[in-house]
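These notes are about the structure you will find just below.
Atoms considered below: every heavy atom in the structure, side chains included; atoms not considered: hydrogens, waters and symmetry mates. Every chain is numbered from 1, with letters handed out A, B, ... down the list of sequences.
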There are 2 protein chains.
Amino acid sequence: MANIRDVANHAGVSVSSVSNVLNGRTNQMRPETLARIRQSMRDLNYLPNRVAQQLKTGQARMIGLLVPSIVNPSFAMLTREVDRVAKANQYRVLLGNTYRQEDEEKAFLEDMFAHGVKGVIVVATAMDRPHFANAARHGMVMVNYDSLMSVHAPDGNPPFDSVSMDNVEAGRLAAEHLIERGCRQLVFVTEATQLPSRLHKIEGFYSAVNRHGLQESAQVIEGKAGEAYGDAEMTELGRSLAAKVLEQSPRPDGIVAINDAMGIGLMAGLRSAGIRIPQDMSVIGIDNIPLADLVQPPMSSVMPPLADMVTMMVDRLLTRIENPDLTPEEFLFVPKLISRQSVIEKGEP
Amino acid sequence: MANIRDVANHAGVSVSSVSNVLNGRTNQMRPETLARIRQSMRDLNYLPNRVAQQLKTGQARMIGLLVPSIVNPSFAMLTREVDRVAKANQYRVLLGNTYRQEDEEKAFLEDMFAHGVKGVIVVATAMDRPHFANAARHGMVMVNYDSLMSVHAPDGNPPFDSVSMDNVEAGRLAAEHLIERGCRQLVFVTEATQLPSRLHKIEGFYSAVNRHGLQESAQVIEGKAGEAYGDAEMTELGRSLAAKVLEQSPRPDGIVAINDAMGIGLMAGLRSAGIRIPQDMSVIGIDNIPLADLVQPPMSSVMPPLADMVTMMVDRLLTRIENPDLTPEEFLFVPKLISRQSVIEKGEP
DNA sequence: TTGAAAGCGTTACCAC
DNA sequence: GTGGTAACGCTTTCAA
């Protein structure tokens, strides 16, 4: 591999001049010198050594992406978007799976320090764990995806940048849609662990229910998923919660599932129990994973504007790497209803 | 961040000594010196700077993973395994999505060179594209996953290391299973693009069919998927191929799908047409993605021993980084049948 | 407009 | 056993 010195020799200039063109400082440069250097780079097939650049500048041109599990389709979609936006900014993505394990998170952050990575996108995890604050104190910039924190610092500022779907709005949208289509006995089905995003969805659900005076007949049904992650557990939980839903009397006619994986499991469970969807019961999920469109019937869902959210996250990350003193902010994105066939048509019996 | 010099000062030794303990050259060292250095590292919260190590040694402790699309669940599972095994070897994973685009592949390889990454796992893509040979010539070590090449160099050696499921065996296993369960009108459903892995599966399918004298009634049905990747397209294609399957007369009673995504789409399409699975028709996929267990009925499939395959790939990669002159080899792994409910029980009508 | 040289944090060779 | 130091490839300040 040719290095900057080879290029300089080949072009008959000094290393500095080559470095100048690498870094866009070509305004003061005689055009023919510039041309000669460019040509030499091409001749020698020169690729600047990022490692050396990095050692010098401290800039890694890599960002970390820490997800609970890449096997979860929501996070896989997110990862693809992050890769896309990072690439557009000439960055590459270092991936880490944590399975929500604290020591995996810690090890990942340490490796990011060691590799000179300055920015990490942290997905849907408990940001109040001390190693995050610790990493921040040592200059790691982090943006959180989808776990808005409830506790803020005494100055009223959130501790980290955070990008989320407006979960209240998501829950509201889902419930409104069911009500608008004629459902009156509403249920919100969720996993028992109380994450902020989940509480917000429930809040939105109730705001729609109350607005229509349906609070008497609405309720939340929850179950506890196993340890592991991936969506298999979530789907299984959904399947098992079908029984609980069917115990209710009067029988519910509209169900909001906390996420698509749960909704899909629920539909499977209901169908095994002889329930027709959407004729007997309507189901809507939240997240809009590709699978929602592949099950029978295709499941309606509430979709976060993923591309915009990821663009914001990467922008924020790169901006704050430049300017670490920006006060953290929380960004909320408005979700959209995706109507498929798991919710009854208006006027359908 | 403390550096090696800080540690040396704090411990009252030279940088070299600290470096020696970093690199395990402690045999000659006075135990108390060693202890003092270790203590200083802890006191200062020292993390060796991998970037500097890398600049010096050329060793990145990162491997690249190039997949068509992380959104495809097979590749997501693969990625998780690669992350796991890499971590066990103190490596991190740089991820790239190519959407099977040549320029994305090229850009990724260039970035790997620039970042000092010496080894890349290349997934399921046309390894005969010239930039791969080119990268190899410049010292990049690559292991291919799941696209055994048909053309070998004149010396009889394959051009790259390659780790694959035994696709012939996979196709054979799937067909044998259907036959064993009583199916007689067999169809193999596939995407039209001829990848080596696909041809091998078809070959295995026919070997089983021939062995049982069913060649007259067996056939391959194919359709062309759109540009994009991800499994949505594959699933859609499966759904649309249901019609083609139903056109056949006599009607098929056992179907092997080239992969699970296609099989799931196919089952959906067949069901919409009123076919009961497995009573009217049996379906088996290949790959065993998590989703196979979540659809209705859960789909039987042929499972590659993913963990073993990934361990082999990473081992090979790290070994060849050390010793680039090893001649490339091809490794084949025997798949296993996973029986679920999409294939008729023996003796069932 | 171009060049010389110091320095980023580490390794490894060679002295002592 | 331990320490001094050149070198990895680049950026950037300062001088010419």
Note to self: Mind checking if B:V13 touches a base, just sugar-phosphate, or nothing, with heavy atoms under 4.0 Å?
What the structure shows: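 The residue B:V13 makes sugar-phosphate contact but no base contact.
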Check: How is B:S16 classified with respect to the nucleic acid when contacts are heavy atoms under 4.0 Å: base, sugar-phosphate, or nothing?
Finding: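 Base contact - B:S16 has a heavy atom under 4.0 Å of at least one base atom.
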Output the single nucleotide from [options] whose closest atom is nearest the side chain of [X].
X	options	answer
A:R5	D:dG9, C:dT11, C:dG9	D:dG9
A:L55	C:dC8, C:dT2, D:dG3	C:dC8
A:V15	D:dT11, D:dT2, C:dT1	D:dT11
B:T33	D:dT2, D:dT5, C:dT2	D:dT2
A:M29	C:dT2, D:dT12, D:dG9	C:dT2

Length of the line joining [X]:[atom1] and [N]:[atom2], which is rounded to integer Å:
X	N	atom1	atom2	result
B:M41	C:dG9	CE	P	15 Å
B:Q53	C:dC8	CD	P	17 Å
B:Q54	D:dC8	CD	P	16 Å
B:Q28	C:dA12	CD	C1'	14 Å
A:N23	D:dT11	CG	P	5 Å
A:I37	D:dC10	CD1	P	14 Å
B:N9	D:dG4	CG	C1'	14 Å
B:R50	C:dT11	CZ	C1'	14 Å

[X] side chain to [Y] main-chain N or O, any donor-acceptor pair under 3.5 Å?
X	Y	value
B:S19	B:V15	no
A:N72	A:S74	yes
A:T319	A:D315	yes

Item checked: More than 12 heavy atoms of other groups within 6.0 Å of B:K87 NZ ->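 Yes, the 6.0 Å shell around NZ holds more than 12 heavy atoms from other groups.
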Hey, is the side chain of [X] poking within less than 4.0 Å of OP1 or OP2 on [N], counting only N and O atoms?
X	N	answer
B:S17	D:dG3	yes
B:R25	C:dA12	yes
B:N49	C:dT10	no

Next item on the list: To the nearest 0.5 angstrom, please state how far the CD atom of A:E110 sits from the CZ atom of B:R50.
Entry: 10.5 Å
Next item on the list: Between B:S14 and A:N20, just flag the one whose closest nucleotide in DNA chain D comes earlier from the 5' side.
Entry: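 The residue whose closest nucleotide sits nearer the 5' end is B:S14.
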Check: Looking at D:dA7, does its base get a donor-acceptor pair with the side chain of B:K56 below 3.5 Å?
Finding: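 Indeed there is one.
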